[in-house]
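Below is one structure, written out as structure tokens; the observations come after it.
Each chain gets a letter, A, B and so on, in the order its sequence line appears, and its residues count up from 1.
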2 protein chains.
Amino acid sequence: MPPTPPRPLTLRDVSEASGVSEMTVSRVLRNRGDVSEATREKVMHAAKSLGYVPNKIAGALASQRVNLIAVVIPSLRNMVFPEVLAGISSVLETTDLQPVVGVTDYLPEKEERVLYEMLSWRPSGVIVAGLEHSEASRAMLRAAGIPVVEIMDTDGTPVDAMVGISHRRAGREMGRAILKAGFERIGFLGTKMPLDHRARKRFEGFTEVLAKSGIEIADQEFYSGGSALAKGRELTQTMLERTPDVDFLYYSNDMIAAGGLLWLLEQGIDIPGQIGLAGFNGVELLQGLPRKLATMDAGRREIGETAARIIAARHDDPEAEYEHVVELTPKIDFGDTLKRW
Amino acid sequence: MPPTPPRPLTLRDVSEASGVSEMTVSRVLRNRGDVSEATREKVMHAAKSLGYVPNKIAGALASQRVNLIAVVIPSLRNMVFPEVLAGISSVLETTDLQPVVGVTDYLPEKEERVLYEMLSWRPSGVIVAGLEHSEASRAMLRAAGIPVVEIMDTDGTPVDAMVGISHRRAGREMGRAILKAGFERIGFLGTKMPLDHRARKRFEGFTEVLAKSGIEIADQEFYSGGSALAKGRELTQTMLERTPDVDFLYYSNDMIAAGGLLWLLEQGIDIPGQIGLAGFNGVELLQGLPRKLATMDAGRREIGETAARIIAARHDDPEAEYEHVVELTPKIDFGDTLKRW
DNA sequence: GTGAAAGCGCTAACAG
DNA sequence: CTGTTAGCGCTTTCAC
């Protein structure tokens, strides 16, 4: 006799095995309504021993409810996003909602596809990184009729709600701190920015503040792809060869800043006596470097938590009032590489 | 007039807007069967202008097909797993399959919950990290009746198929290389291993080879949690204070090895003249360190690609023959910290 | 406390 | 090439 084809079990199977109607089995399995202890046990036993796994597809279709929250981020290879995710998960774990992650590789067209794909599963909410989306993406989000929280950035107008920091302001603050510390020949090193809007905004805020003090960026250098730590070394070397008299280097993220730091120390350059340094993000990695790098913590975990809390609250009560704009304040950390005294 | 409640659009709406039957609309939207160019255009136009997003829940229930592949990994905070994911995605992107990620935090009970949750969406396949699962998890995987590929490790018996490296063998090879280079007072530093089975297996293979040469681990030190780079420093310092005469340090991963390297260099210790070093994983980060750290590349990307390829092939043809065991060969990279000459 | 009927939005299968 | 019919497996609703 050939083995039974592995047809997935259905409620009916559990119903037959337990001698209880499908409806009651369903009630037991969902903990809904009153069921006598006797039948509950019969059902549980049958379900367990059969190894029944409910079909959420059918359940979702029938109930018009899906406990999924779509989370759309540019990348998983940048530690920033897993940290946001951790914040989201920690909050959603206290509810019956579940995050589902989609990755866009920083490409608006891919973001559009990913959103379409995810929305077609009718999630109960969307958390998406950034405020810059294609018009079609915005339209989809609006039309979905579900809570949408855009995160990480507040320099712009959200489709629905946004939680994050102002990167323009962050750039300005770092600029002020650097100027206040007395640095004047300042170089900027970062990713090529056409698609990294947040880095661009920081850059804009940064140069704006310098300009107000009549200072211009002494030099700048951009990269894309590759190991960030190694790139940080390369960029730094290139810049120092071209502009040896810089007294400060502002990096668009901590990883390239760390690479720069290591390279500069190897060259015997005094940090921050000779050259001051600052990065952005406050990544955990920094804890192990030879110098405590100045940085700015964007509060990624908190952003994730807050966004998830908004989604969860609106899931519980769609009519509830909620903050459409939550702007967090990034904490500047001077470390050992920004103060000269 | 109050705004229309945002009822999600259905096929029927597109059907009415285009004057074409639901069935034909469905055909157009899925590119199935022959449809005249005229009606195709009518339908496409209607769908676009309405902003229709198909309901995959209903589609999946009706067609009994779900294009999702469940990917279950222990963590996103260890770069290793995003890299595996990248391999999986790169292959699945050439198909109509889509990865959905679940994270277990290295906890068997959470793995069980995550698997249950994911299987209840009836995915077309499962890729899960590791071979160690609860009996209930294995039972679920077997009962699901879908392709299951366990990845990263081949020291054990898979539920269905497995793709990875033998960590015991990896540990043995590294042990042999270290002995061959003439090191004798060898310390081991790593994660607490009860739940990190792969690290444990490497450790076992490693000590086994040393034992054959009559050598015992000179000292060992374990950690859990925290910034790996900082932990690497601490562990290394602790060990050197306790056992100053070690001539080699074998770390269970590259991040703590990097921390150790930085600390040792700061102490003015000659690497590898005085102390040799090796890590594990071949993470990109290493490219930017002051010394090229010896390591072993587990071929994470390739593992992901291979697993995805097996799943995709079996999705195309469930009857197809396939490799149940794919053991890849990790490449040892001597870097600058393992050879003494 | 339990059950029967209807239907969620879509697609397989079959007619024309 | 296009339409009709009958479910997919579950939950909602209403009876009992």
Side-chain angles (χ1 to χ4, degrees), chain A residues 5-44 46-47 50-67 96 117 119-124 144-145, chain B residues 5-44 46-47 50-67 96 117 119-124 144-145:
Chain A
R7 174 185 59 78
L9 298 162
T10 68
L11 261 192
R12 163 171 231 130
D13 295 308
V14 182
S15 166
E16 285 171 0
S18 61
V20 176
S21 79
E22 283 187 42
M23 197 49 240
T24 301
V25 170
S26 170
R27 287 196 182 95
V28 171
L29 264 25
R30 284 177 302 147
N31 264 310
R32 279 289 157 72
D34 292 324
V35 181
S36 75
E37 192 49 43
T39 47
R40 145 167 265 96
E41 272 182 19
K42 265 194 297 191
V43 170
M44 286 309 251
L50 289 176
Y52 172 69
V53 176
N55 185 331
K56 286 221 181 189
I57 296 176
L61 184 61
S63 66
Q64 302 283 39
R65 256 192 304 267
V66 180
N67 67 336
D96 64 338
E117 212 46 51
L119 289 178
S120 70
W121 287 100
R122 299 285 187 267
S124 294
Chain B
R7 174 184 60 78
L9 297 163
T10 68
L11 261 193
R12 165 171 229 130
D13 295 308
V14 182
S15 167
E16 285 171 0
S18 61
V20 177
S21 79
E22 284 188 42
M23 196 53 234
T24 300
V25 170
S26 170
R27 287 196 182 96
V28 171
L29 265 24
R30 285 178 298 147
N31 264 309
R32 279 287 157 71
D34 293 324
V35 181
S36 76
E37 192 49 42
T39 45
R40 144 168 266 97
E41 273 183 16
K42 265 194 297 192
V43 169
M44 287 308 252
L50 289 176
Y52 172 69
V53 176
N55 185 331
K56 285 220 182 191
I57 296 176
L61 184 61
S63 66
Q64 303 284 14
R65 257 192 306 261
V66 180
N67 68 335
D96 65 338
E117 213 45 50
L119 288 179
S120 70
W121 286 100
R122 300 285 188 268
S124 294

Legend entry - Side-chain touch Asn55(B)/Thr10(B), heavy atoms, less than 4.5 angstrom: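 Counting from C-beta outward, Asn55(B) and Thr10(B) never come under 4.5 Å.
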
Legend entry - Beyond-backbone contact of Arg40(A) with Asn31(A), side-chain heavy atoms, under 4.5 angstrom: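 Yes; the side chains approach each other to less than 4.5 Å.
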
Inset, instruction - With sequence neighbours excluded, give me every salt bridge (charged side-chain N to carboxylate O under 4.0 Å, His left out) pair touching residues 10-33 of chain A. - result: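 Matches after skipping sequence neighbours: Arg7(A)-Asp13(A), Arg12(A)-Glu16(A).
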
Legend entry - Residue pairs fulfilling salt bridge (charged side-chain N to carboxylate O under 4.0 Å, His left out) with at least one residue in residues 53-63 of chain A, sequence neighbours excluded: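 Checked against salt bridge (charged side-chain N to carboxylate O under 4.0 Å, His left out) - neighbours excluded - the pairs reaching residues 53-63 of chain A are Lys56(A)-Glu117(B).
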
What does the list of N/O pairs under 3.5 Å between the protein and nucleotides 9-11 of chain D look like, with a distance for each?
{"residue": "dG9(D)", "atom": "OP1", "partner": "Gln64(B)", "partner atom": "NE2", "Å": "3.3"}
{"residue": "dG9(D)", "atom": "N2", "partner": "Ala58(A)", "partner atom": "O", "Å": "3.3"}
{"residue": "dC10(D)", "atom": "OP1", "partner": "Tyr52(A)", "partner atom": "OH", "Å": "2.4"}
{"residue": "dC10(D)", "atom": "OP1", "partner": "Asn55(A)", "partner atom": "N", "Å": "3.3"}
{"residue": "dC10(D)", "atom": "OP2", "partner": "Leu11(A)", "partner atom": "N", "Å": "2.5"}
{"residue": "dT11(D)", "atom": "OP1", "partner": "Arg30(A)", "partner atom": "NE", "Å": "3.4"}
{"residue": "dT11(D)", "atom": "OP2", "partner": "Ser26(A)", "partner atom": "OG", "Å": "2.4"}

Legend entry - Short side-chain to backbone donor-acceptor contact, Ser63(A) and Gly59(A), under 3.5 Å: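 The answer is yes, because a donor-acceptor pair under 3.5 Å joins these two groups.
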
Legend entry - Residues in salt bridge (charged side-chain N to carboxylate O under 4.0 Å, His left out) contact with Glu41(B), at least two apart in sequence or another chain: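 Residues passing salt bridge (charged side-chain N to carboxylate O under 4.0 Å, His left out) with Glu41(B): none at all.
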
Inset, instruction - Look at Ser21(B) and dG3(D) and indicate whether a side-chain polar atom (N or O) is within less than 4.0 Å of OP1 or OP2. - result: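 Affirmative; the distance criterion is met.
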
Legend entry - Short side-chain N/O contact from Thr39(A) to OP1 or OP2 of dG1(C), under 4.0 Å: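 No, because none of the side-chain N or O atoms of Thr39(A) sits under 4.0 Å from OP1 or OP2 of dG1(C).
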
Inset, instruction - Rounded off to whole Å, could you give me the CZ-to-C1' distance for the Arg32(B) and dC1(D) pair? - result: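 Roughly 17 Å, once rounded to whole Å.
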
Legend entry - Glu41(B) CD to dC1(D) C1', straight-line distance once rounded to whole Å: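 Roughly 16 Å, once rounded to whole Å.
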
Inset, instruction - Please list, chain by chain and in numerical order, all residues satisfying side chain to side chain donor-acceptor pair (under 3.5 Å) with Thr24(A), sequence neighbours excluded. - result: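 Expected list: Ser21(A).
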
Legend entry - Axis-to-axis angle between the two ends of the helix from dG1(C)-dC16(D) to dG16(C)-dC1(D) (five base pairs per end, rounded to 10 degrees):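 Comparing the axis at each end, I get an angle of 30°.
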
Legend entry - Heavy-atom neighbours of Met44(B) CE exceed 12 at 6.0 Å: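 Counting neighbours around CE of Met44(B), 12 or fewer heavy atoms of other residues, nucleotides or ligands fall under 6.0 Å, so no.
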
